[in-house]
Amino acid sequence: MVRKTVAAGLLFLIFACTEQEKRNAKSEVADTETTTQNDDIANEAREWLVKNSTNYFATEELGSLDSFMQKMTTAEYYEYKTDATNVDLEIDGSLTETQFHEKWKNKFDTSKAGIGTGFLISGQDWDKIEFEKCDLISTTEKGFLFDVILKDETFQSKCPSKILVVHLGDGYKIADVIGEH
């Protein structure tokens, strides 16, 4: 009787281990599929960023740059960057630097806003902007953070930044640019 109980216990243990191995194998396959899907989405976000940024800087009609920027960015980032660009200018709605920091300090790292600088690059003038680097740093619940270096050979300039790209209902948008100065 004891032998039958031990044998039954061993069979149960073997069966349980086999089932656990099957569950582990299924979990590994699911994890691999999820990772592949995340990589595909990150690559799609990267391609969107490169294409739209390149098109932005290739735009020949300077008057349309503001509307192009507005289409590429979240509404909140657009307002934030517009405020940063216009700090201390003598135009309607411009803020002092103190007012700017006070207004945005709870939503953005205002020390990295690029106050008084252009969108995505530190200069106001450029010839041909190209991506030297656009590497995914991390994927978060907020979106995809890319390590970017934009360069302009003519002006011998490089503009490193971190760009957060999010996916909204109407596609990808830039939600933050850190270090554009």
query = Going by an N to O cut-off under 4.0 Å, is there a salt bridge joining E79 and K103?
reply = yes
request  = Answer yes if the ring centres of F57 and W126 are under 6.0 angstrom apart, and no otherwise.
outcome  = yes
key: Closest non-hydrogen atom pair between K71 and K173, with its separation   = O-NZ, 2.7 Å
inquiry  = Please find the pair of heavy atoms, one from A45 and one from F144, that lie closest to each other, and give the distance.
reply    = CB-CD1, 3.7 Å
query = Do you know the tightest heavy-atom contact between A42 and F146?
reply = O-CZ, 3.7 Å
ask   = Under a 4.5 Å cut-off applied to non-hydrogen side-chain atoms, are T74 and L168 in contact?
value = yes
ask   = Would you say N86 and L95 make side-chain contact, with heavy atoms under 4.5 Å?
value = no
ask   = In terms of hydrophobic clustering (I, L, V, M, F, W, Y; side-chain heavy atoms under 4.5 Å; direct or indirect links), are L65 and I163 co-clustered?
value = yes
inquiry  = Give me the atom names and distance for the closest heavy-atom approach of V166 to A175.
reply    = CG1-CB, 3.8 Å
query = Cluster question for you: counting only ILVMFWY and a side-chain heavy-atom cut-off of under 4.5 Å, with indirect links fine, are M69 and L150 together?
reply = yes
request  = Indicate the ring-plane relationship of F68 and Y56, choosing parallel, tilted or perpendicular according to the 30° and 60° boundaries.
outcome  = perpendicular
task = Evaluate the side-chain proximity of V177 to Y77: yes if any heavy-atom separation is below 4.5 Å, no if none is.
result = yes
ask   = Would you say the side chain of L120 lies within less than 4.5 Å of the side chain of C159, judging by non-hydrogen atoms?
value = no
request  = Looking only at non-hydrogen atoms, find the nearest pair between V50 and T54 and report the distance.
outcome  = O-OG1, 2.7 Å
request  = Please report the closest heavy-atom contact between W48 and M72, naming both atoms and the distance.
outcome  = CH2-O, 3.4 Å
key: Carboxylate-amine/guanidinium proximity below 4.0 Å for K133 and D147   = yes
key: Close side-chain approach of F119 and T85, heavy atoms under 4.5 Å   = no
Intermediate values then yes/no, side-chain contact (heavy atoms from CB on, under 4.5 Å), I121 and I129 = CA-CA 9 Å; I121 62 170; I129 301 293; 4.1 Å; yes
Y78 and D66: side chain donor to acceptor below 3.5 Å = yes
ask   = Can E153 and K151 be counted as an ion pair, charged N to O under 4.0 angstrom?
value = yes
message = Can you see whether D127 engages T154 through a side-chain donor-acceptor pair at a distance of less than 3.5 angstrom?
response = yes
